> 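Okay, here's the structure, questions in a sec.
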Amino acid sequence: MCDWAAPGPLALVAACFVFARRFVAAGRTGWAAFSGVTGAAFLATWSLIFALQGSRPANVAFALAIALALAWASLLASHHRPQPATE
């Protein structure tokens with residue numbers, strides 16, 4: 001992996017933790033836990049890719065963390081989508 005590619009995954013992890021803190025402040029514990037777990041899982045498995053290069057379990061775990069991160073981003077976007085105005 002190139003050195004210039006690191007900001008993307010780290011930005012995802014940072015966003016997860018920022019939203020987790022924001023949801024805690026708003027009293028939305030379910031969303032806070034989902035955001036925190038997603039950030040922690042992605043960071044842990046991303047680190048495993050470097051520590052255990054070529055390891056099949058590490059690759060599978062990272063693929064699952066990517067799926068979790070994509071689900072989190074999709075659900076978060078849906079959660080923050082503006083509701084249509086009712087008359």
Side-chain angles (χ1 to χ4, degrees):
M1 178 182 265
C2 299
D3 291 334
W4 52 267
L10 294 178
L12 174 68
V13 171
C16 288
F17 291 130
V18 166
F19 274 104
R21 183 177 172 150
R22 186 173 173 197
F23 284 127
V24 165
R28 310 286 309 259
T29 56
W31 272 103
F34 184 31
S35 299
V37 166
T38 300
F42 192 87
L43 181 62
T45 58
W46 188 62
S47 300
L48 277 177
I49 291 296
F50 296 110
L52 304 174
Q53 294 180 0
S55 169
R56 185 170 297 197
N59 290 339
V60 170
F62 186 56
L64 292 174
I66 290 171
L68 179 64
L70 290 173
W72 173 80
S74 298
L75 291 170
L76 186 68
S78 175
H79 175 73
H80 285 290
R81 187 182 68 183
Q83 299 299 321
T86 57
E87 295 180 24

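Just so it is clear, the model here is predicted, and its values are computed rather than measured.
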> On a heavy-atom basis, which atom in A61 and which in T45 lie closest, and how many Å separate them?
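The pair with the smallest heavy-atom distance is O-CG2, 3.7 Å.
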> Are F19 and W72 close enough that some pair of their side-chain heavy atoms sits under 4.5 Å apart?
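Side chain of F19 against side chain of W72, heavy atoms only: contact under 4.5 Å found.
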> Take the angle between the ring planes of W31 and F34 and call it parallel below 30°, perpendicular above 60°, tilted in between.
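Correct class here is tilted.
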> Heavy atoms only: give me the nearest G39-F17 pair and the separation to one decimal.
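Residues G39 and F17, closest heavy atoms: C-CZ, 3.8 Å.
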> With a 4.5 Å heavy-atom cut-off, do W46 and L10 have their side chains touching?
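When only atoms from C-beta onward are counted, L10 and W46 do touch, with a gap below 4.5 Å.
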> How close do T38 and A69 get, heavy atom to heavy atom, and via which atoms?
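Between these two residues, the closest heavy atoms are CG2-CA, 3.8 Å.
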> Is L43 reachable from L64 through a run of hydrophobic residues whose side-chain heavy atoms are each under 4.5 Å from the next?
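Looking at the clustering, L43 is in a separate group from L64.
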> So which heavy atom on G36 is nearest to which on A20, and how close?
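Answer, listing the atom of G36 first, then A20: N-CB, 3.8 Å.
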> Are I49 and V60 co-members of a hydrophobic cluster defined by side-chain heavy atoms under 4.5 Å apart?
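No, it is not one cluster - the side chains of V60 and I49 are not joined through contacts under 4.5 Å.
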> What heavy-atom pair brings A41 and A65 nearest, and what distance separates the two atoms?
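Looking at all heavy atoms of both residues, the shortest contact is O-CB, 4.0 Å.
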> What about L76 and L70, same hydrophobic cluster or not, with Ile/Leu/Val/Met/Phe/Trp/Tyr joined at side-chain heavy-atom distances under 4.5 Å?
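Same hydrophobic cluster.
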> Parallel under 30°, tilted from 30 to 60°, perpendicular over 60°: which one fits the rings of F23 and H79?
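It falls in the perpendicular class, over 60°.
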